[in-house]
Amino acid sequence: MVERVSPLGEAFRPGTYGNLAEGPGVTLTEATPAAIAEASAFPGSTEPLLAAIETVTGLSLPATPGAGAVGDGAAVFAIGPGRYLVSGAEGLSASLQAAVALDIGTVTDLSHGRAALRIAGPRAEWVLAKLFALDFSPAAFPVGEGRATAHHDVFAHIQRTGGDQFDIYVFRSFARAFWQELCAAAEETGYEVG
Amino acid sequence: MSARRIPTGGLIDRSRTVPFTFDGKAYTGFAGDTLAAALLANGITLIGRSFKYHRPRGVFTAGVDEPNALVTVFKDGVREPNIPATQIELYEGLVAESQNRFPSLDYDISALNQLAGPLFGAGFYYKTFMGPVVGPLKGTRFWMFCEHFIRRAAGLGRAGYDKDPARYERMNAFCDVLVVGAGPAGLMAAEAAAKAGKRVILAEQEPRAGGAANWSGETIGGKPAALWAEAAAERLAAMDNVRLLTRTAVWGYYDGNNLAALERVGDHLAAAPKGAPRHRHWSIRAEKVVLATGSFERPIVFPGNDRPGVMLAGAAERYANQFGVLPGEKIAIFTNNDGAYRAAAALKKAGGAVVAILDVRPEISAAARALAEEAGVVPLLGHAVAGTAGKRLAKVLIQRFDAATGRLSGDVRPVEADCLAVSGGWSPAIHLASQAGRNPAWDDRLNAFLPPQPTQEWTGAGAFTGAMSTAEALSSGRDAGLIAAGKKASRAKLPEVAAPPLEAGPAPVFEIKAEGKAFVDLQNDVTADDVRLAHREGFVSVEHLKRYTTLGMATDQGKTSNVPGLAIMAGARGLAIPEVGTTRFRPPFSPVSIGSLAAEKHGHFKPDRLTPMHDWHVERGARMMEVGLWHRPMVYGEAGETVEQTYIREAATVRASVGIVDVSTLGKIAVKGPDAAEFLDRVYTNMFSTLAVGKARYGLMLREDGIALDDGTTWRLGEHDFLMTTTTANAGKVMQHLEYYLDVVWPDLKVHLASVTDQWAGAAVAGPNARKVLEACVTETAVDNEALPFMGIVHGGIAGAPVMICRLSFSGELAYEVYCGAGHGTHVWEALMEAGEAFGITPYGMEALGTLRIEKGHVTGAEIDGRTTARDLYLDWMLSKKKPFIGSALMDREGLIDTNRIRLVGVVSLDGRPLGGGAHIVEKGSLEELGESIGHITAFCYSPALSKYIGLALVKGGKARHGTRAFVSDALRKRFGPVEIVSHHFFDPEGSRMHG
Amino acid sequence: MAEYSALSLLKNALTGNRDWKPAWRKPEPKPSYDVIIIGGGGHGLATAYYLAKEHGITNVAVLEKGWLGSGNIGRNTTIVRSNYLLPESVRFYDFSVKLWENLSHELNYNVMFSQRGILNLAHSPSQADDYIRRGNAMCHGGGDGVWLTPAEIARKVPGVDLSRSARFPVIGGLLQPRAGTARHDAVAWGYARAADRRGVDILENCEVTGFLRDGEKIAGVVTTRGEIRAKKVAVAVAGSTSRLMGMAGIDRFPIESHVLQAFVSEAIKPFVDCVVTFGGGHLYMSQSDKGGLVFGGDLDGYNSYAQRGNLPLVEEVMGEMVAMFPAVARLRLLRSWGGIMDMSMDGSPIITGGPLPGMYLNCGWCYGGFKATPASGFSFAWTIAKDEPHAVNAPFTLSRFERGAVIDEKGQGPTPKLH
Amino acid sequence: MLIPCPHCGPRDVSEFSYQGDATRTRPDPASTDMKAWHDYVYNRPNPAGPHREYWQHAGGCRVHLLLTRDTLTHEVQAVAFARAGLNEGAGKP
């Protein structure tokens with residue numbers, strides 16, 4: 001299989017940057033799930049769709065807005081009513097497609113279409129708050145949950161994948177611009193790329 | 001230090017001397033000073049010149065309400081005009097300059113304007129400068145001649161043209177309770193809400209919390225009030241659920257309890273820390289808000305009230321108590337209320353000589369009397385200031401005054417003074433509360449407007465509500481904090497306040513009428529007589545007053561002038577103040593840097609959108625162009641080539657052999673589900689349910705009003721699985737259009753849409769050798785005519801990457817669109833280039849792409865411009881008669897089928913010269929005498945296939961003009977010449993090449 | 001009433017400015033008029049003036065619910081231009097510019113029309129083509145348009161970001177030299193004073209609450225100051241058209257009311273001479289005679305009667321400001337306000353007799369009402385007086401939507417927020 | 001202004017795209033009643049007060065919402081998914 005090229009190009013430069021007076025406040029990386037897919041249920045079919053997702057990924061989650069789950073090598077979260085962004089192993093879309101019946105919903109492969117950027121560290125909430133009008137506090141945005149939002153023209157699907165870690169899925173064509181935006185926002189706290 | 005600096009006391013740090021310059025001269029102050037305080041300490045009282053009359057002006061207040069002492073600050077290599085010296089914290093190396101003066105602050109030529117003062121009354125512009133009706137200065141010329149000089153005289157500071165190098169950021173914040181103002185009331189509110197477990201933000205525009213506690217001279221809980229406030233702020237700062245933001249002015253109260261605030265992060269520092277913004281724009285979403293914004297002292301209007309040395313009493317007190325600066329050596333006090341007596345005592349205590357207290361009231365409270373005694377002076381009751389003298393204040397002219405009649409009487413007596421501290425009462429700072437819409441309520445006791453009933457989720461506390469004493473501030477603050485936290489008011493004991501029991505309400509005296517210019521709006525030079533002139537001329541409503549005189553329109557937003565202005569108008573009209581009305585306050589409460597609102601957009605306005613092959617294009621020397629947010633290659637120029645030469649070479653290579661173009665930017669929408677085919681039948685003018693799996697079809701969409709919306713090909717990848725392509729420009733618009741119909745109009749259809757624009761890299765390989773290129777690199781599928789006929793789709797691989805290939809043509813050549821996963825884009829592209837090397841394959845850009853499509857007469861956004869119909873573009877063959885579709889009901893209205901509409905044609909330049917996009921077409925005329933336009937050119941190129949300049953055009957009558965002569969008429973580019981109108985299908989109209 | 005002139009200013013200055021008289025009378029309503037004009041904004045007042053001056057119809061009342069000029073005439077960004085694309089628009093707005101050029105003389109009131117020019121910056125070849133098409137349409141329609149190169153722009157408008165590294169580099173600009181700015185309030189006051197001097201009654205604080213009818217025909221209005229009858233009732237209440245139509249029993253109409261925000265910076269010394277628009281988004285900016293930068297951008301984008309906008313649009317507009325003039329990041333926003341736009345379905349106005357017998361309607365001005373004030377008043381007065389449209393307003397009918405003969409400058413179709 | 005999206009919770013208006021009047025009903029696709037079509041495409045109630053309108057949460061879950069919002073105060077009085085099928089079983093955000 002041919003390797004997927006990162007959309008970040010030379011904008012991805014490992015090292016430490018910005019104000020490092022108190023050490024880097026965040027670490028920025030590119031999470032590279034083997035596959036990304038959107039699975040969507042027709043109205044009234046969310047439960048069977050979630051069952052199919054569980055069959056494929058082993059992750060179960062309630063049919064509530066914003067719900068999500070993170071597991072070993074897979075993650076899933078709601079991005080709209082009955083709509084889920086799933087990341088996981090190679091062949092994910094085909095497996096999901098096989099598990100979702102025609103009248104339940106649809107599956108669309110987005111492995112190339114989205115880039116997943118990861119921000120982690122004690123100042124992650126602060127840096128993200130510069131870019132998104134979302135309440136990133138743990139009470140409002142618990143681990144595993146997901147949100148669909150936008151930074152100006154850049155759509156973003158965000159999942160909290162750890163206590164101070166977030167994965168941000170953006171359209172591939174915007175990934176480099178958004179990465180640069182993220183780096184700029186993190187200069188104040190200092191950041192490490194790696 | 002100068003004599004004006006009090007030896008001890010204040011909240012300044014005397015261990016840190018801070019050097020700065022003003023008008024090029026070096027001075028020093030202390031850390032904790034404002035520029036205004038430091039200038040006063042250095043004996044500088046003349047700081048600026050006024051807007052209209054260029055009168056000398058000094059410091060009038062100590063805060064955000066400052067109308068006079070505006071300066072330009074030089075920092076980061078750029079200039080920042082119009083900053084109140086009262087708002088500038090001293091930092092090492094601060095460079096400030098006075099404004100609106102020439103040649104110098106002391107001797108300003110434009111001060112001569114004053115001599116013609118009576119001519120320059122309110123509205124004088126409207127009555128003159130119309131100029132002669134005939135002759136060289138008729139029309140608007142005379143006015144524009146005069147205006148040139150007026151504009152140069154107006155304005156305050158000068159802005160630079162250099163890019164502001166500063167960094168600005170936006171911050172989104174969420175909290176349970178936002179407390180605005182960290183005076184005693186705000187501190188109490190924040191602590192009460194925080195102790196109840198709420199997430200609290202406390203915002204204070206000054207550098208330190210405490211508000212009036214910092215200069216009141218009172219004690220709270222047995223401690224000096226300033227220390228009490230400091231301790232309270234420290235307690236709050238230590239709490240995890242509290243964010244204390246100082247230097248942060250909340251300036252806008254928007255819908256949904258969304259408040260906007262400006263944090264001045266770096267203004268007080270000589271150099272900002274790495275990565276830190278100069279300003280941070282906070283957008284705060286609060287469940288509840290506590291407004292504890294305090295109040296503004298207002299002046300009394302009297303002749304000569306603008307002389308440097310005249311200032312608000314509270315400001316004088318603040319300079320003494322907070323900054324350790326005496327604003328004058330011989331200080332007179334003029335008041336209509338008790339508050340100024342506390343200032344008098346403070347100034348005396350600080351070492352000043354209080355030479356007189358003039359009070360318009362016939363009687364005063366015992367507490368006031370006691371303070372006068374402390375100040376060492378017997379107040380002159382029933383007295384007023386009738387005038388002042390000196391360039392800088394030297395004398396105060398006093399006279400007996402009857403507050404009941406408003407009349408002066410008796411002899412005018414001069415009192416020598418270099419500072420006159422004035423108090424005309426206090427106005428609650430209701431700006432934020434009133435932004436939401438309702439009118440404030442007038443209070444007869446305070447002679448001030450109180451906040452309106454809330455339209456949003458806020459509670460008020462402290463002086464903002466009209467509760468003027470510190471004890472009231474503490475209790476109302478705590479109550480407001482508890483209410484905001486959803487708790488009941490507390491009865492627990494509050495810290496004890498030691499303060500003189502002063503009466504808060506002033507006598508209703510707003511103006512002392514006497515000879516001379518008495519200023520209401522100091523910054524805009526609006527006088528009391530201007531207000532009366534406005535009245536005389538019928539501009540009597542508040543809004544007319546404001547607009548006619550410019551009262552309250554200056555950078556201080558009328559904080560000191562609003563109520564006095566209204567009062568004078570009320571007097572002229574014989575009405576009570578609330579009957580005259582009040583100005584509605586709008587955002588911002590105080591001026592906000594434009595950079596902070598642009599935030600991260602300053603420096604890079606919009607995100608760049610890049611195709612998967614972007615780096616390849618750039619490395620190959622492509623000249624890139626902006627198409628929406630995308631960057632696309634315009635031409636792949638070689639050394640010494642012009643753009644025209646390049647695109648001609650590229651296009652010619654495609655026609656002769658083969659070329660490749662990046663089409664990844666085309667909008668791509670996955671349309672899936674059991675009803676997908678039915679859905680497409682409804683949204684496209686032509687049929688898609690009849691399309692076979694593995695085939696593509698060109699489709700056209702209309703808007704509901706029958707106008708063309710977009711076109712593109714849609715591929716049937718499976719029975720219930722379509723891939724729709726849209727034009728690059730309309731991708732988002734079409735997606736929204738489709739989503740609207742699914743959600744709103746046809747909710748029963750089982751169809752899902754997903755944007756897959758970014759999933760696929762696309763390369764169009766076009767030219768007679770295109771198939772050979774594919775044959776050289778495509779695996780796992782045949783690409784011959786049988787396996788891959790026109791509009792067919794196959795799946796295979798290129799260099800190990802899976803690809804999907806559709807045979808379709810925009811260029812009119814044998815052509816294929818090769819799609820692969822975006823992450824494989826460059827890999828596949830390079831493999832195609834390598835396979836094409838033997839055929840001399842050329843990458844081509846937008847210019848050649850445009851050339852090829854013009855030669856074919858294919859339409860794009862220049863023709864589908866939101867005004868054209870399918871018929872206008874001769875696409876009526878695509879309008880199915882077998883089914884209704886979006887737009888079918890209205891597309892045949894008379895206006896849309898009128899034969900005189902502009903319709904698509906081709907044009908050929910007959911003089912061998914280029915045409916031009918946007919040039920018009922005329923039947924006759926010349927550049928000197930422009931003819932009547934019958935249409936315009938939408939796109940043009942030099943056609944290598946035809947060896948001529950050709951273009952597409954929309955021309956009245958369309959086809960009916962084929963074969964006729966006309967002229968291209970391009971007045972803007974001075975181009976006029978003959979053209980022939982022809983069919984828009986210039987090249988290979990039968991399509992034999994793409995079907996071959 | 002005395003003429004305004006330099007001499008009268010001087011004379012009054014010498015007598016303490018005590019003899020100035022109200023700019024217009026404050027009469028009591030008469031029981032009936034020949035024509036009632038609802039709406040004391042620019043268009044209503046201009047209509048009254050031209051009815052009196054051009055057609056000798058002086059028994060006219062202008063009814064204003066609040067203070068005179070409290071609507072969009074006092075809330076706009078004061079731009080006067082005729083840089084339009086479609087021939088109907090070019091003809092109408094150029095006629096307006098011609099009236100503007102002599103307006104101060106005509107009204108004996110300096111409306112400060114200053115022909116400083118308007119420059120539309122173009123940032124892509126297709127945008128340049130659009131602007132050139134527009135410029136040529138202006139020239140072919142009898143107006144003026146000039147294409148400027150970046151070097152010429154640099155000389156005319158210092159401070160514009162002309163760098164290649166700009167996100168949307170400027171590749172040229174369309175200049176209309178005869179365009180400019182005027183003092184918006186002065187236009188209302190000037191027309192009011194001139195109409196008043198010809199006998200028109202201007203009735204402030206007189207809100208219309210209903211219509212009087214003779215059978216089918218509109219025969220007058222019910223107001224907060226009593227019933228007033230009239231042979232003809234004209235409506236010029238942009239922003240509130242639907243409300244007035246509702247009172248007349250028309251509950252659906254091709255208008256949406258949207259909020260548009262406008263902004264002004266602190267006053268600075270001359271910074272920019274002409275009006276400049278940014279093509280990388282939607283922004284227009286000029287500098288007032290007082291020194292403030294006056295600017296605005298898009299609509300907030302939702303139906304509103306609140307005369308108050310929201311924060312996202314503020315941020316968007318400021319982003320465009322600094323993209324166009326990077327130096328202004330250092331300047332400060334001083335005031336913002338909102339006006340209610342009468343957004344029509346094709347972005348063009350409606351000036352017509354009807355829609356009910358006895359009624360005349362002037363509405364749908366979208367963003368563009370201020371510049372149109374003289375031509376709107378002139379052609380509306382013509383339509384009222386002669387019961388037929390003037391040549392310049394003939395295409396701006398209400399029936400054009402039904403007929404599919406829309407005048408859609410932006411090509412956005414029946415989506416008002418996009419016009 | 002905040003819009004309480006039933007899926008995403010209250011979000012800033014900047015995430016939403018206004019889709020206008022929600023009181024209109026599209027005529028039957030095959031209808032040739034031009035008056036009905038004209039009314040649907042061009043005419044709006046445009047009330048000063050409560051207004052039924054569509055908003056798409058374009059910068060969020062992409063779903064169209066049906067709002068009742070007061071055009072005088074901007075207060076959102078009611079909200080639901082435009083597609084009725086989504087409202088059944090929709091949880092609290």
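The sequence lines fix the lettering, A, B, ..., with proteins before strands; numbering per chain opens at 1.
- No option in B:Arg167, B:Arg278, B:Arg280 other than B:Arg280 meets the salt bridge (charged side-chain N to carboxylate O under 4.0 Å, His left out) test with A:Glu188.
- Heavy-atom pairs under 4.5 Å with chain B were tallied for A:Asp109, A:Thr189, A:Val2; the largest tally goes to A:Val2.
- Proximity to chain B (any heavy atom under 4.5 Å) is restricted, for A:Leu134, to the backbone atoms N, CA, C and O.
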Going through the distances and angles, do B:His827 and A:Glu3 end up as a side-chain contact (heavy atoms from CB on, under 4.5 Å)?
CA-CA 9 Å; B:His827 181 78; A:Glu3 200 190 326; over 6 Å; no
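- When atom types are taken as modelled, the side chain of B:Asp758 and the backbone of A:Ser173 share a donor-acceptor pair closer than 3.5 angstrom.
- If you tally non-hydrogen atom pairs under 4.5 Å between each of B:His720, B:Gln759, B:Lys750 and chain A, the highest count goes to B:Gln759.
- By number of non-hydrogen pairs under 4.5 angstrom with chain A, the leading residue of B:Gly275, B:Gly823, B:Pro277 is B:Gly823.
- Formation of a donor-acceptor pair under 3.5 Å by the A:Lys130 side chain with backbone atoms of B:Asn172 is not found in this model.
- Ranked by heavy-atom pairs under 4.5 Å with chain B, the first of A:Glu38, A:Glu10, A:His152 is A:His152.
- Contacts of A:Ala186 with chain B are absent, with no heavy-atom separation under 4.5 Å from either backbone or side chain.
- When heavy atoms are compared at a cutoff of 4.5 Å, A:Leu131 approaches chain B solely by way of its backbone atoms N, CA, C and O.
- Under the 4.0 Å criterion applied to side-chain N and carboxylate O atoms, B:Asp608 and A:Arg176 are not assigned as salt-bridge partners.
- Nearest heavy-atom pair, B:Ala670 versus A:Thr108, reported as atom, atom and distance to 0.1 Å: CB-CG2, 4.2 Å.
- A distance of 11.5 Å separates CZ of A:Phe141 from CZ of B:Phe174, quoted to the nearest 0.5 Å.
- Per-residue counts of heavy-atom pairs under 4.5 Å with chain A were compared for B:Pro802, B:Cys820, B:Pro607, B:Pro273; the largest is that of B:Pro607.
- The heavy-atom pair separating A:Val107 from B:Lys672 by the smallest distance is O-NZ, 2.6 Å.
- The neighbour count for B:Glu287 CD, taken as heavy atoms of other residues, nucleotides or ligands under 6.0 Å away, does not exceed 12.
- Contact of B:Trp760 with chain A is not made at all, since no heavy-atom distance falls under 4.5 Å.
- Heavy atoms of B:His752 lying under 4.5 Å from chain A belong to its backbone as well as its side chain.
- For B:Pro747, no part lies near chain A; criterion is any non-hydrogen pair under 4.5 Å.
- The shortest distance between side-chain heavy atoms of A:Val5 and B:Thr826 does not fall below 4.5 Å.
- Ranked by heavy-atom pairs shorter than 4.5 Å toward chain B, the options A:Arg172, A:Arg83, A:Arg114, A:Glu187 are led by A:Arg172.
- The 12-atom threshold is not exceeded at CZ of B:Arg243, counting heavy atoms of other residues, nucleotides or ligands nearer than 6.0 Å.
- The OG atom of A:Ser40 sits 9.5 Å away from atom CG of B:Leu753, with the distance rounded to the nearest 0.5 Å.
- Across all non-hydrogen atoms, the minimal contact from A:Ala129 to B:Met171 is CB-SD, 3.5 Å.
- The 12-atom threshold is not exceeded at CD of B:Glu834, counting heavy atoms of other residues, nucleotides or ligands nearer than 6.0 Å.
- Of the listed residues A:Phe178, A:Phe132, A:Trp126, the one with more heavy-atom pairs under 4.5 angstrom with chain B than any other is A:Trp126.
- Each of B:Glu600, B:Arg285, B:Arg170 has some count of heavy-atom pairs under 4.5 Å with chain A, and the biggest count is that of B:Glu600.
- To the nearest 0.5 Å, atoms OG (B:Ser755) and CZ (A:Phe171) are separated by 4.0 Å.
- Only the backbone of B:Ala799 comes within contact range of chain A, with heavy atoms under 4.5 Å apart.
- The candidate from A:Asp103, A:Val154, A:Leu20 with the greatest count of non-hydrogen atom pairs under 4.5 Å with chain B is A:Asp103.
- Ring geometry for B:His824 versus A:His112: interplanar angle over 60°, hence perpendicular rather than tilted (30 to 60°).
- Of the listed residues (B:Asp615, B:Val756, B:Asp721), the one with the most heavy-atom contacts under 4.5 Å to chain A is B:Asp615.
- Heavy atoms only, all atoms of each residue included: A:Phe42 and B:Gly673 are closest at CZ-CA, 4.0 Å.
- Counting heavy-atom pairs under 4.5 Å between each of A:Gly105, A:Ala140, A:Ala133, A:Ser111 and chain B puts A:Ala133 at the top.
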